[in-house]
Amino acid sequence: MSRVYVYTAYERMWHWLQAISILLLSFTGFEIHAPERLHLFGFALATRLHETLALVTVGNAILALFYHLTTGAIRKFVPARGDIFNLAYQQVSYYLFGIFRNEPHPLARGPSARLNVLQQLTYLAILNLLLPVQILSGVVLWQAHRLERVLSEVGGLRTVAAIHVGAAWLFVSFLILHVYLTTTGPTPTAHLKSMISGHEEQPVER
Amino acid sequence: MSDLHHSSIRPAGRPPSWPAPSLATVLALSLQAAPLIAALFLPGCGTSEERAPATRSLSWVRTPTDHAGMMKGPFRDGPAVTRACLACHPEASKEVMHTRHFTWLGQAAQVPGSGPLHGAPARIGKRNLINNYCISIESNWSRCTSCHAGYGWKDANFDFEDANRVDCLACHDRTGTYRKGLAGEVAPGVDLVSVANSVGRPGRDNCGSCHFSGGGGDGVKHGDLDSSLTFPKPRFDVHMGRANMVCVDCHRTEHHAIRGESMGVDVTNAVRIACTDCHAAAPHRSQRLNLHGDALACTSCHVPLIAPETPTKMVWDWSTAGSDVPGANPHEYMKEKGSFVYARQVVPEYYWYDGRAARYLKGDPVDPKDGVDINRPLGSIGERAARIWPFKVHRGKQPYDSRLRHLLVLNTYGDQGYWTRYDWRLALEQGSRAAGLAFSGEYGFIGTRMYWPLSHMIAPKERALGCVDCHAEGGRLDWIALGYDGDPAFRGGRRRSGLLTSEKP
Amino acid sequence: MSRRFAPPQLLLSLLLTATASLSTSRSQAEDQSLVPPPAAELMRPAERAKAPQSLHPPVILKDKTGARVAVSGQPLSPTQTCGSCHDLDFIVEHGFHFKPRPATESTGSEPRPPGEEPNPLYSGNGEPNCVYCHIRGVDPERVRGAIAEGQAELSATVLLEPLGFGRRTAAGWVWNAERFDAEGRADANFFRVAPPNSAVCGSCHGMAQPGAPKLSDYLERRGSTVTTGQIFSPLRISDSRLNVAGREGLGRPWDVHAERLLECRDCHAPPNAPATSIPLLGNPTLASLRSEVRHSSYGEFLRRPSHDFMRGSDHSSATAQSSPLVRCENCHEARSSHHFLPRLEQHLSRLSCESCHVGRVRAPARAVDDNTMPSALGQPRLEYRGVEGELTDPAAYIGGYRPVLLTRAEPSGKLRLFPSNLLTRFYWTVQGERGREAAPDELLARAFFEGGAHRPELIAALDRNHDGRVEASELELDSAQKVDTARGLLLEAGGRSPVIVGEIRAYPLHHSVAPARFAVRDCNECHGARSWPSAPVELARFAPYGVTPRFARGDERDSGVLLARTGNGRILLSPDPTALGLHILGTSRSTWLDFSGGALALLVLAGAAVHGGLRIRAARHQSKGAKP
């Protein structure tokens, strides 16, 4: 085994801040969406929390984007050209078969190669599609009284709200999957530990 | 009409099916953090209608020592108990002997009012004043002093320096069985040992044993103090009924000197208790209401009615006394005392009052045409310190010397007393001699008014007066008589309309 | 006695009350005459300073010909009396109270569709009745009596009877000469000209009189109190005599504006009065102005006061559409006092102030007026919401009701939610000369009654308990057979093609305003499934067989609600905020979206569980295999 430095301090901090705010956003969002089913903060507080957390998330996302752009860390998120399908196939077949046979993970993780290609694709979709959609629809819901003309163009708050809620369900689904997949490291808690300490124990290349 | 017309029932609930299991676990986690975070944020939406009243603990209340078993009897009489008390509380009697509860006399002060007697400072009190109930204690000591915080005051020669004559039990008995009789002596049948062992902090019943029945019966005198306050209803007394306070919570006492004063005998506004001793000067959420404090006493709105439960005496006419009326209702007529009118839920009368009163002193001249104000409240619209106060006004008709033109003192009790002989001349002669008043032998009856500012039975806010009680047409305040040009809601208060003449506090 | 309206320092009256309260013990006395009463001067009430007289100059009362009534003895003519200084033609021209109101347009007054009742303010003798509103202390009920007795020309005069100006005798009106001076001027101490107070308006429009509201008032004419449950009274609900649910905790006035000394006229002011502020809200070209500041002079106003008062409702086309609307915003700035509300702007743009401040009505309101089968006295079958028990029972339990939230246009054109009471009327219509019209009362009487009772055919059809009479509970046409019987009788009586019509009318609530502390503040009342804006409401416990009511013409609300009729004739209404163009967080949500979203999340969870389970199994398998 070898210790590899996977996550920088900023990346870890960013991750956990984002994790907390998205988790809370899900809960406050749920309470706003169906207040008679969930009583956590009370409706008014849930609304205010949701708004505040959304701002935190967006700010955090912008800072992270800046970090990734300036440090070049963004490259980790971009799949290497050419062998996407091949890598994706390897990854999928690992999850479907290899993982049960204790085969080695197709990707050796390190500071530069942290994300497998499926992760890369998912994050690309989430960060470029889902998150902007969620932020935009959220802003419209938040500032609806100023955006009446925009709203009438897009089919009213009803449509925007449906998009926001639908995207929220996708986020929740992703969250579940994401949390589960952290257990697919060398040991079930290896990824979790690495996101805390930054280092990951990795089996030595054989 | 529109054709959009549905004849199907919409499913009322539209129940969506939620993925409950995954949520439940995380929910439990977040729940722990929720109150913490919630506390940081605004109160926001809350339930609207019923809110519990805010109650504060009274920090100055100390738990008194339990005296059970300490007081070994037997006690022959009241002074014997006092001696036992003094064994441990040597200063107590000395303290009490300085208070008006014992001396029935205030400190020397110039008494407001007109006449030669009002020039030099004088000591006045129950001991030497005239009222329009039983008129005066002079010549009637034994009867009146059953409410004296002492033992044996039966004539003018009572020894006010005898420490053993202080009555500790009237105030400190907690059995509720202690009674006082003639001259303030312990009434027969009282178990002094059990009473002495029960002593503690005075409760409402202790103060009430005298103050609820002033003037000769329950609720007679004040209009805002009667036996209903022993166990008051929350809607009639917010302090004692809702917050379960006792008299001495406000009438705070140090070294037996009990704060507070009654306008019947104290007319100089020295140790008055104010609402602002505990409450903020601007306690209402509405600034409009707070502005009222500039011209109104709190009680003007918060004591909406005189005698909400137990009737109080509003009128006492001595002039009709002396007739035998078999079966007369004692609330309407008594041979000894004359005719009365009792009433409850009476709308108070409102006057400017700065805390001082012009007190009628023995010998002050009277004019039968105008009647006599026994203790006219002082203050006017122009005086900044004055506030509009609610008053119970007790109207009486009582004997005066129709030639010398002053009020007379009536000897009611005793062999020569009016209640024995029904002889006005004799009783007035006896009484006036004891009081040091000249009596020409000619007497008549004169109308008198006595003013009682209302400061107890404070109603909770939901029973306090509202705007329309005073400001609507025919409201309870007579603006013109109070000195306004008209209703200040439409013309501005005394400050805005320039009616305030004195700026000195 | 009501505490709020206890007479001012009237010691005497209180003493009398007290004496009365002690009368039980008093009766025990053998001979009361022997008890000497207290001296009379002690019993006199404290004297009150005299209020200054009305500013109005003394008035010479004149008759139709312009002669002084004190001389001619003829009834008072407002045209001659008031018209000598005030421009009555202008006042009538600019006064919706003087215009005939189409029967179907009634807003506040009496909610019966057919028939027109005489207007006490303009009662057929062609004169506005100035006395009714402008003289203090008159008795409005007397006008109705005079009109009912065919003496419309006395309608202004009889009002003065309680003031001692004269009396009605069998021979006609007799003036009291003592109330006039030598010039024929009315004694200003009694003929007090004053702006109308709320009690005057309340005599037609609802409960606005001082004093405790009584349930029996509903049985008399009480305008919008009947149609909506609004009560314009300063009295606290906790002090009132009505058996209102949770009364002890309701230390709020029936209407906060009444409590804060406002009279009806303060909001419903003459628009040309110099003191009236005409709002310019929502006018984009005058954005920098809050209200119109140019006014007519006092003199001009006094001569020609507009009586097209600031409108309270945009409901009736008969009321002058030109007069400005009274809105809360004319006086209130909600933004400065609602900081506790998240998304304040959205709330303010979608909700009228009334939605929260009149969100709960603590008095009953009429729900159904079913005149398809009147009682033997000709009375319709009535249903009320907000009360359990009969209105004739003073102790009936008043639960109050929650109004329906429906959208209405603000003066700015913006749609906002307003609370309303929905009143459904069922009545027969027949083919008349000018199309379909409500069957007149005479036709119903001719068709259904005979000798003061229902016709035998009806008794046979309706008398469920076979006692030979049709009781109130049996006035329901709940089967095709009963409807046909009634229709047959109407046809026989000459009604052409009689049909039952059900008509819903929304009566918006603007009074009974709760102070802030008692307004709707709990978010969950509106946000959440089945919350207030979308909760179904019972429109009628019973609707005649086969009739589903519709919103009245002009009430374009059918798109925002769903109506449903149950088997036993109950009508339910479900407002649909989404259809009203509203999106309410927590309330407006799509079932299929939540279902599929939830399913997706569950699926992922299940997938992860299966995958994880397989991994655990595989790991166990391998460790077993590795051990040996």
query: Parallel under 30°, tilted from 30 to 60°, perpendicular over 60°: which one fits the rings of A:His15 and A:His178?
result: tilted

query: Is the distance between the ring centroids of A:His68 and A:Trp14 under 6.0 Å?
result: yes

- prompt: Mind checking whether C:His347 and C:His527 have parallel, tilted or perpendicular rings, split at 30° and 60°?
  reply: perpendicular

task: Count the heavy-atom pairs under 4.5 Å between each of C:Ala608, C:Ser349, C:Ser531 and chain A, then report the option with the highest count.
output: C:Ala608

field: Engaged part of C:Arg615 at the chain A interface, taking heavy atoms whose separation is under 4.5 Å
entry: both

query: Contact part of A:Glu51 toward chain C, heavy-atom cut-off under 4.5 Å: side chain, backbone, both or neither?
result: side chain

task: Mark yes or no: A:Arg12 above the aromatic ring of A:Tyr7, with NZ or CZ under 6.0 Å from the six-membered ring centre and no more than 45 degrees from the axis.
output: no

task: Name the option with the most non-hydrogen atom pairs under 4.5 Å to chain A; the candidates are C:Glu345, C:Arg617, C:His583, C:Gln346.
output: C:Gln346

